[in-house]
Amino acid sequence: MIAPSILSADFARLAEEAAAVADAGGNGADWLHVDVMDAHFVPNLTLGLPVVKALLAATDVPLDCHLMIDDPDRWAVGYAEAGVHNVTVHVEAAADPVALAKDLRAAGALAGLSIKPGTPLEPYVETLRHFDTLLVMSVEPGFGGQVFMPEVLDKVRAARRLVDTGHLRLLVEIDGGINDDTIEAAAQAGVDCFVAGSAVYDADDPGRAVALLRERVHAATPHRWTA
Ligand code: DX5
Ligand code: ZN
């Protein structure tokens, strides 16, 4: 799955930017990744629920909201109730991630848990049994266009093993620095869903960029797609 991040899109033309990746000749975005930042959990400020609601009305692509905010226990469910497909909170910010996951699911969304590059996976394996997606950050959250941190792929491999052996049942998602040069290593480590911001929206043709990233994934992991 490919999830373009609108953080690198033109915020004055969000509906058109969503449409630019929606189809791509039947090869378009699976999800649209929306980065919500509060200038507290991360040193940047983006958008919140009113803009997300406007985007929900403007596109049929399922929204993947990545909440880089303090106190997600208070705010995240509103995104699920609004109709966001997957609502991801940070384990470093959530007071009670398991209760939050239950609330998100009860509101009809998938529940996602994200870990920053320096946060280990192992202490949260039991917590992750309540989640549908694990978002492994491959840059420090806060800004697009940063350099991919390959060392986080150890956590991707560990998560992949836990899923493949039946200990966890979730999608492994990666976010940060994913482009033509880095996506193959991430695919080989076992990622299911690739977030890409600048690699998609800085391209001349964002739809084509999505299709090309998908081709790279298929080329890197043919055994996962031909079975
Ligand atoms: C960063 C965000 C990312 C960002 C990725 O904190 O979570 O989703 O848009 O941008 P690129 O793909 O440019 O690294
Ligand atoms: Zn993100």
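Counting from 1, the numbers follow the sequence of the chain as shown.
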I need the minimum non-hydrogen distance between [X] and [Y], along with the two atoms involved.
| X | Y | result |
| --- | --- | --- |
| Val139 | Gly177 | CG1-N, 3.9 Å |
| Pro141 | Val42 | O-CG1, 3.5 Å |
| Ala187 | Thr221 | O-CG2, 3.4 Å |
| Leu113 | Pro97 | CD1-CB, 4.2 Å |

Do we see a donor-acceptor contact under 3.5 Å between the side chains of [X] and [Y]?
| X | Y | result |
| --- | --- | --- |
| Thr119 | Glu92 | yes |
| Asn179 | Ser198 | no |
| Asp64 | His33 | yes |

Under the 3.5 angstrom rule, does the side chain of [X] hit a backbone N or O of [Y] as a donor-acceptor pair?
| X | Y | value |
| --- | --- | --- |
| Thr59 | Leu55 | no |
| Ser138 | Phe148 | no |
| Gln146 | Glu140 | yes |
| Glu184 | Asp181 | no |
| Asp30 | Ile2 | yes |
| Arg214 | Gly28 | yes |
| Asp192 | Leu171 | no |
| Asn44 | Met37 | no |

(request) Check the pair Asp164, Arg157 against salt bridge (Lys or Arg N to Asp or Glu O under 4.0 Å), reporting the backbone distance first and the verdict last. (result) CA-CA 10 Å; Asp164 288 347; Arg157 282 185 276 269; over 6 Å; no
Out of curiosity, [X] [atom1] to [Y] [atom2], how far, rounded to the nearest 0.5 Å?
| X | Y | atom1 | atom2 | value |
| --- | --- | --- | --- | --- |
| Leu134 | Ser114 | CG | OG | 7.5 Å |
| Asp35 | Ile6 | CG | CD1 | 7.5 Å |
| Asp38 | Met68 | CG | CE | 9.5 Å |

(message) A cation-pi test, strictly: NZ or CZ of Lys53 under 6.0 Å from the centre of the six-membered ring of Tyr79 and no more than 45 degrees from its axis. Yes or no?
(response) no
(message) As a quick check of understanding, evaluate salt bridge (Lys or Arg N to Asp or Glu O under 4.0 Å) for Asp10 and Arg13, giving each step before the final call.
(response) CA-CA 5 Å; Asp10 179 351; Arg13 300 169 43 251; 3.6 Å; yes
(message) So for atom NE2, which belongs to His218, do other residues, nucleotides or ligands contribute more than 12 heavy atoms lying within a distance under 6.0 Å?
(response) yes
(message) Among Asn86, Thr88, Asp175, exactly one meets side chain to side chain donor-acceptor pair (under 3.5 Å) together with His66. Which residue is that?
(response)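 Among Asn86, Thr88, Asp175, the one meeting side chain to side chain donor-acceptor pair (under 3.5 Å) with His66 is Asp175.
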(request) Flag yes if Val98 and Val77 sit in one hydrophobic cluster, no otherwise; membership is Ile, Leu, Val, Met, Phe, Trp, Tyr, and two members link when side-chain heavy atoms are under 4.5 Å apart. (result) no
